[in-house]
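These notes are about the structure you will find just below.
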Amino acid sequence: MILVPEQVKLLRERLECVKNQLKGFDDYYDNIDYDETEVLHIPVGIDSFAHNQYHMEKKEKKEIKEILLNSTYLRKRTISHIEIGTRFLFQFFDEDEVFDFILVDKTVGMGSMQGFISKESPIGKQLLGARERDVIGKVGTVLEIKKEDKDYDCFLRDSNSCTLVCYEEDQKLKKLKRNRKFDLEAEEEWNTYQTITMSQKILLEQERERILAHSFSEEGKIRLKEIERLLAQREVSSLPDDNTIGVGSCFQIMLFTPNGFETRRLEMVNEIVSDELKSDYIVRTSPLGSTVFGLKNKEKFLFRESKRDNHYVRGMVFDIDCQKEITSRENGYTYQKKIT
């Protein structure tokens, strides 16, 4: 099975949720008095619904882990026509609303309500190979194939790069690289660019587990050596203690556009180090990453969306490291009204 980044993210989020629920069941079992005698395989004193739910959660945890372990992870999206992983806008003939879909190998329990269409479904079979403005049978029309070329969307288009590099940051890194053998201060600063975040460490460990379980190819062996080197040499970054955005920080940005605003949950990283994609990473040396690096909650910024023109986008940082109340995280407009 091939998993697209959005599926991996949803599965991992669900796995964490199940783990937390199972921990709650463990606490429940630890704090209840019951006899060792079993009736219908349910310990006396244990609520039967809770007991059944516990075993359902254990089964789901096992199934999700097997899917994540045994699947192939998509490394590159096709944007010229629709293939697995392609994101596109679609309009049904009998609907006025435009739908945002991603074609996937299998929905693995996540139906079209999540924005996924399986290539094995009747409409999915017709969508394979389709291009913009193609009419799909008597169903609808492909309006647009999403290019996702914005810097802050940080999607890995190939195995070597994920985003543009800010010119000033690029020059700074080159200078540090030249001087780090002779300047202790420069070397210390250089080392801050060599750390990984805890989530990246976990991704690398999970990727290593998958390779060890299934890959006997030469490419797999080379990648395994690279993972081992990264895990051995890269330290996990520590979060800033002054409530600013640093490497490893999770935060939300609000971007204001002529048509309204959009919010994105991001995590700051030094660079992409894993082939297992995570679409909410933002690289520190990218144009947007270098703009918001060091900012605090409620601080505003201007970001040039493209090097090809002088169009700037206004934005604001909020909810650094998820410290704000849940209602503010879910509704950026509510948060904006609170602070203005």
Side-chain angles (χ1 to χ4, degrees), residues 5-6 9-10 12-13 87 100 115 146-157 161-170 192-193 195-200 203 237-272 277-340:
E6 291 81 0
K9 183 177 180 181
L10 285 173
R12 287 212 172 106
E13 288 175 350
R87 186 178 172 188
D100 193 333
K146 304 287 282 187
K147 305 300 189 295
E148 300 191 273
D149 57 354
K150 292 182 180 179
D151 157 72
Y152 54 83
D153 197 11
C154 212
F155 177 79
L156 206 64
R157 293 174 184 83
S161 66
C162 70
T163 184
L164 297 172
V165 176
C166 174
Y167 175 78
E168 292 79 6
E169 286 293 322
D170 187 42
T192 66
Y193 284 90
T195 59
I196 58 176
T197 68
M198 180 56 70
S199 70
Q200 288 183 301
L203 286 178
S237 58
S238 56
L239 291 173
D241 55 9
D242 56 357
N243 297 318
T244 61
I245 294 175
V247 174
S249 296
C250 293
F251 57 98
Q252 195 148 315
I253 60 170
M254 183 185 298
L255 297 177
F256 303 100
T257 66
N259 298 322
F261 64 90
E262 62 173 299
T263 58
R264 295 290 300 271
R265 165 72 51 193
L266 301 170
E267 179 181 346
M268 181 74 71
V269 299
N270 274 315
E271 60 178 318
I272 301 295
L277 309 185
K278 198 169 188 295
S279 59
D280 55 355
Y281 280 157
I282 183 69
V283 177
R284 173 183 177 178
T285 55
S286 66
L288 178 59
S290 60
T291 300
V292 301
F293 188 86
L295 295 185
K296 294 184 178 181
N297 274 322
K298 306 181 185 180
E299 289 194 330
K300 298 177 181 180
F301 59 87
L302 278 176
F303 166 62
R304 192 167 77 170
E305 194 171 30
S306 171
K307 286 187 174 182
R308 295 185 295 271
D309 55 47
N310 289 320
H311 175 64
Y312 283 83
V313 177
R314 291 187 303 113
M316 180 179 66
V317 170
F318 63 100
D319 197 10
I320 298 176
D321 292 315
C322 312
Q323 296 301 310
K324 299 298 177 186
E325 62 271 26
I326 187 68
T327 52
S328 296
R329 292 207 296 274
E330 291 177 345
N331 190 335
Y333 184 66
T334 301
Y335 186 82
Q336 179 197 14
K337 288 172 66 176
K338 285 182 180 179
I339 67 171
T340 55

key: Heavy atoms of other groups near Asn243 CG, more than 12 under 6.0 Å   = no

ask   = Is NZ or CZ of Arg314 both nearer than 6.0 Å to the six-membered ring centre of Phe301 and within 45° of the ring axis?
value = no

query = Got a second to check how far Ile282's CD1 is from Met268's CE, nearest 0.5 Å?
reply = 7.0 Å

Interatomic spacing from SG in Cys250 to CG in Asp321 - rounded to 0.5 Å = 6.0 Å

task = Drop me the distance from Lys296's NZ to Ile245's CD1, to the nearest 0.5 angstrom.
result = 12.0 Å

ask   = What residues form a side chain to side chain contact (heavy atoms under 4.5 Å, CB included) with Ser238, not counting sequence neighbours?
value = none

query = Among all residues two or more places apart in sequence or in another chain, which pass the side chain to side chain donor-acceptor pair (under 3.5 Å) test with Thr197?
reply = Ser199, Glu267

request  = Compare all side-chain heavy atoms of Thr244 with those of Phe293 and state whether any distance is below 4.5 angstrom.
outcome  = no

message = Would you compute the distance between atom CG of Asp241 and atom CG of Leu239 and round it to the nearest 0.5 angstrom?
response = 10.0 Å

ask   = Would you call Leu203 and Arg12 a side-chain contact if the rule is heavy atoms closer than 4.5 Å?
value = yes

key: CA sep, side-chain torsions, deciding dist, call: Phe318, Thr263, side-chain contact (heavy atoms from CB on, under 4.5 Å)   = CA-CA 10 Å; Phe318 63 100; Thr263 58; 4.2 Å; yes

ask   = With no hydrogens and no angle check, is any side-chain donor or acceptor of Asn297 less than 3.5 Å from a backbone partner on Ile320?
value = yes

query = Where do Arg284 and Thr192 land on the side-chain contact (heavy atoms from CB on, under 4.5 Å) test, with the steps shown first?
reply = CA-CA 11 Å; Arg284 173 183 177 178; Thr192 66; 3.7 Å; yes

query = Mind checking whether Asp100 and Arg87 have side chains closer than 4.5 Å, heavy atoms only?
reply = yes

ask   = So, the side chain of Asp319 versus the backbone of Phe251: is there a donor-acceptor pair under 3.5 Å, distance only?
value = no

request  = Taking all heavy atoms of Pro240 and all of Ser249, pick out the closest pair and write down the distance.
outcome  = CD-OG, 3.9 Å

Verdict with supporting geometry, Glu271 and Tyr281, side-chain hydrogen bond (donor to acceptor under 3.5 Å, both in side chains) = CA-CA 9 Å; Glu271 60 178 318; Tyr281 280 157; over 6 Å; no

key: Reported CE-to-CZ distance for the pair Met254 and Arg264, which is rounded to 0.5 angstrom   = 14.0 Å

query = Does the side chain of Ile196 come within less than 4.5 Å of Val247's, by heavy atoms?
reply = no

message = Please enumerate all residues that pass side chain to side chain donor-acceptor pair (under 3.5 Å) together with Ser290, with sequence neighbours excluded.
response = none

inquiry  = Taking Val283's backbone N and O only, do any of them form a donor-acceptor pair with Asn270's side chain (distance below 3.5 Å, no angle check)?
reply    = no

ask   = When rounded to the nearest 0.5 angstrom, what distance separates OG1 in Thr285 from CG in Leu288?
value = 11.5 Å

key: Verdict with reasoning, Glu169 to Tyr193, per side-chain contact (heavy atoms from CB on, under 4.5 Å)   = CA-CA 11 Å; Glu169 286 293 322; Tyr193 284 90; 3.1 Å; yes

